[in-house]
Amino acid sequence: MMINSFFTQIVMTAIALGVIFFYVQPTFTNIGEIQESILLYQTERGKVNEVNIKLANHTRRLNDEMSQSDIRSLMTYLPDTVDHMAVSADILNMAVEADVFLESIRSNEGVSSSLSTGPSIKHTFVLGITGTYSNIKAFLAKLEQNNYPLETHNFVLSASETDLMKVTLSVVTYSFNNSIQQ
Amino acid sequence: MQKENRPGRRKVYVGTIIVQILFFAAVVAAGSVYAYESKLNSNLDTEILGLNTSIAKFNETEMRRVLAFDTRLIAVGYRLAHSASIVSLLAAVEGSTVKDVQITQLTIERQDDKNFTVTADLKTPSFDMALFQRQILEGTDTLVVSSISDLNLKNTPPSDPLFRSKETLSDEVIVSFKAALTVDVEKIRHKVSVPELAPLDELNVVDEQPALGAAMEEANVNPNAI
């Protein structure tokens with residue numbers, strides 16, 4: 001038979017070796033690479049799914065579990081922007097309630113303080129007030145009890161011959177520096 | 001003997017069998033790896049599609065919103081953790097000032113989120129009082145004395161020019177000095193006062209003890225009285 005001829009056997013051997021070395025062996029290597037890729041994609045997909053689940057949980061907590069009043073309080077405590085005029089009006093109202101005379105109020109533009117106090121922008125108001133010591137203390141107490149921070153950073157009290165004292169103080173409030181998230 | 005040439009009997013060589021096995025094995029192996037590779041490629045496509053779907057599900061806007069909220073909470077937490085009561089600080093200064101000593105100027109500066117520096121210009125009627133005042137300041141827990149400086153004696157000359165009365169100080173002596181103090185924010189924390197409770201009469205409770213809110217407010221105003 002033709003298949004048993006010596007030449008045919010040599011050709012069959014050559015084809016077999018050619019198939020093994022030029023197709024089967026490279027394909028095996030390729031299969032290994034594909035398996036590694038599949039493993040990598042599975043891992044990354046798992047990570048993305050994990051992030052998606054965490055995000056969904058956080059979003060649900062944010063939307064459903066936190067009360068609107070709490071969120072409003074948070075936004076009041078650290079707003080996106082500080083209305084200098086409104087804050088000045090609040091300070092004036094506190095001065096009137098504490099029975100001290102607000103001589104001057106001057107505000108400056110916000111300065112970012114991301115290095116020292118996190119992502120917040122500092123807004124400073126320099127006040128000049130006159131009043132009795134107890135009224136000045138009442139005014140400072142009102143600043144502390146506000147629903148957004150009015151921190152006293154600089155306070156100079158000068159005594160005079162009368163009961164009235166002069167105080168120069170700088171009051172600091174903060175806004176949220178949203179640009180950090182961008 | 002003469003060999004018989006039997007009809008129907010074929011010669012089978014081992015080499016031929018090996019070659020045939022090798023050939024068919026190579027063909028079968030090629031077919032198998034092709035099929036397996038195709039299956040793996042299909043799986044890889046499925047994984048890529050799955051990853052793309054997962055990525056597409058990711059909501060970047062929500063992520064930014066959550067991150068912004070988290071950062072805002074951290075910032076607010078930081079501010080609350082470093083809040084200080086200037087009223088408590090004034091009360092501490094009041095509590096550490098001897099009755100006859102007068103503060104002519106008081107400067108309070110918040111250096112950072114951990115410390116306040118307080119500079120007080122003090123005026124006393126005698127050295128004994130100045131020494132006692134310094135002792136009181138050094139013994140106070142809230143205020144830490146950094147330095148006592150600018151000591152100044154202002155003495156009005158007595159009416160007798162020969163100093164026969166042996167009095168070295170007149171009645172109008174003024175000893176003044178400057179005290180620099182450091183205050184840790186931790187020690188003058190701002191305490192949130194509890195909202196006012198319903199009047200006790202309405203609750204029909206007879207109790208001489210002050211309400212919880214009143215007690216906390218009182219503690220806040222004068223935490224370091226001597």
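The chains referred to below are lettered A, B, ... by the order of the sequence lines, with proteins before strands, and numbering in each begins at 1. All values reported here derive from a predicted model rather than from experimental measurement.
- The most heavy-atom pairs under 4.5 Å with chain B, out of A:Ile20, A:Leu62, A:Leu169, A:Leu143, come from A:Leu62.
- The most heavy-atom pairs under 4.5 Å with chain B, out of A:Val167, A:Val172, A:Ile15, come from A:Ile15.
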### Query
Under the side-chain contact (heavy atoms from CB on, under 4.5 Å) criterion, do B:Arg65 and A:Thr59 qualify, and how do the steps go?
CA-CA 9 Å; B:Arg65 191 166 79 95; A:Thr59 309; 3.9 Å; yes
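- Using a 4.5 Å cut-off between heavy atoms, B:Thr104 contacts chain A through its backbone alone, with no side-chain atom that close.
- Of the possible donor and acceptor atoms, one in the side chain of B:Arg72 sits under 3.5 Å from a partner among the backbone N and O of A:Leu78.
- Residues of residues 24-37 of chain A placed with any heavy atom under 4.5 Å of a heavy atom in chain B are listed by number as A:Val24, A:Thr27, A:Phe28, A:Asn30, A:Ile31, A:Ile34, A:Gln35, A:Ser37.
- No donor-acceptor pair closer than 3.5 Å links the side chain of A:Glu151 to the backbone N or O of B:Ser83.
- Heavy atoms from other residues, nucleotides or ligands lying under 6.0 Å from CD of A:Glu65 number more than 12.
- To the nearest 0.5 Å, atoms CD (A:Glu44) and CD1 (B:Ile48) are separated by 12.5 Å.
- Counting non-hydrogen atoms of neighbouring residues, nucleotides and ligands closer than 6.0 angstrom, the CG atom of A:Asp163 reaches no more than 12 such neighbours.
- Residues passing the side-chain hydrogen bond (donor to acceptor under 3.5 Å, both in side chains) test with A:Ser175 are A:His123, sequence neighbours excluded.
- Between chain A and the options B:Glu109, B:Lys57, B:Glu37, B:Gln111, heavy-atom pairs under 4.5 Å are most frequent for B:Glu37.
- For a heavy-atom cut-off of 4.5 Å, chain B lies close to A:Val48, A:Asn49, A:Val51, A:Asn52 in residues 47-54 of chain A.
- With chain B as the partner, the residue from A:Val156, A:Ile71, A:Ile10, A:Ile136 showing the most heavy-atom pairs under 4.5 Å is A:Val156.
- Neither the backbone nor the side chain of B:Ile18 comes within contact range of chain A; no heavy atom of the residue lies under 4.5 Å from a heavy atom of that chain.
- Under the 4.5 Å side-chain criterion, counting only non-hydrogen atoms from C-beta, A:Gln9 is in contact with B:Thr16.
- Counting heavy atoms from C-beta outward, A:Val19 and B:Phe23 have side chains that stay 4.5 Å or more apart.
- Interface check for chain A: of the options B:Ser54, B:Ser32, B:Ala25, the most heavy-atom pairs under 4.5 Å are formed by B:Ser54.
- Residues B:Leu80 and A:Tyr77 are in side-chain contact: their nearest non-hydrogen atoms beyond the backbone lie under 4.5 Å apart.
- A 6.0 Å sphere centred on CZ of B:Phe132 holds no more than 12 heavy atoms belonging to other residues, nucleotides or ligands.
- For a residue to count as touching a neighbouring chain, one of its non-hydrogen atoms must lie under 4.5 Å from one of that chain's; by this rule B:Ile74 does not touch chain A.
- The distance from the CG atom of B:Leu73 to the CE atom of A:Met66 is 6.0 Å, given to the nearest 0.5 Å.
- Proximity of B:Ile108 to A:Thr152: side-chain heavy atoms (C-beta onward) are nowhere separated by under 4.5 Å.
- Looking at B:Phe116, only its side chain comes within 4.5 Å of chain A, counting heavy atoms on both sides.
- For A:Ile38, the parts sitting under 4.5 Å from any heavy atom of chain B are the backbone and the side chain alike.
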### Task
Could you please spell out the steps behind the side-chain contact (heavy atoms from CB on, under 4.5 Å) verdict for B:Ile86 and A:Glu144?
CA-CA 8 Å; B:Ile86 205 86; A:Glu144 287 172 10; 3.4 Å; yes
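- The minimum heavy-atom distance linking A:Phe176 with B:Ala68 is given by the pair CZ-O, 3.6 Å.
- Atom CG of residue B:Asp45 and atom OH of residue A:Tyr41 lie 9.5 Å apart, to the nearest 0.5 angstrom.
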### Message
Please determine whether side chain to side chain donor-acceptor pair (under 3.5 Å) holds for the pair A:Tyr133 and B:Glu94, giving the CA-CA distance in whole Å, both sets of side-chain angles, and the decisive distance to 0.1 Å.
### Response
CA-CA 11 Å; A:Tyr133 181 66; B:Glu94 277 172 47; 2.6 Å; yes
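- Checked against ring-ring contact (aromatic ring centres under 6.0 Å, His included), A:His58 has no partners two or more places apart in sequence or in another chain.
- Annotation: the span from B:Leu89 atom CG to A:Phe155 atom CZ amounts to 9.0 Å, rounded to 0.5 Å.
- Note that CG of A:Leu157 and CD of B:Gln105 are 8.0 Å apart. Values are rounded to the nearest 0.5 Å.
- For the atom pair B:Leu22 CG and A:Met12 CE, the distance stands at 8.5 Å (nearest 0.5 Å).
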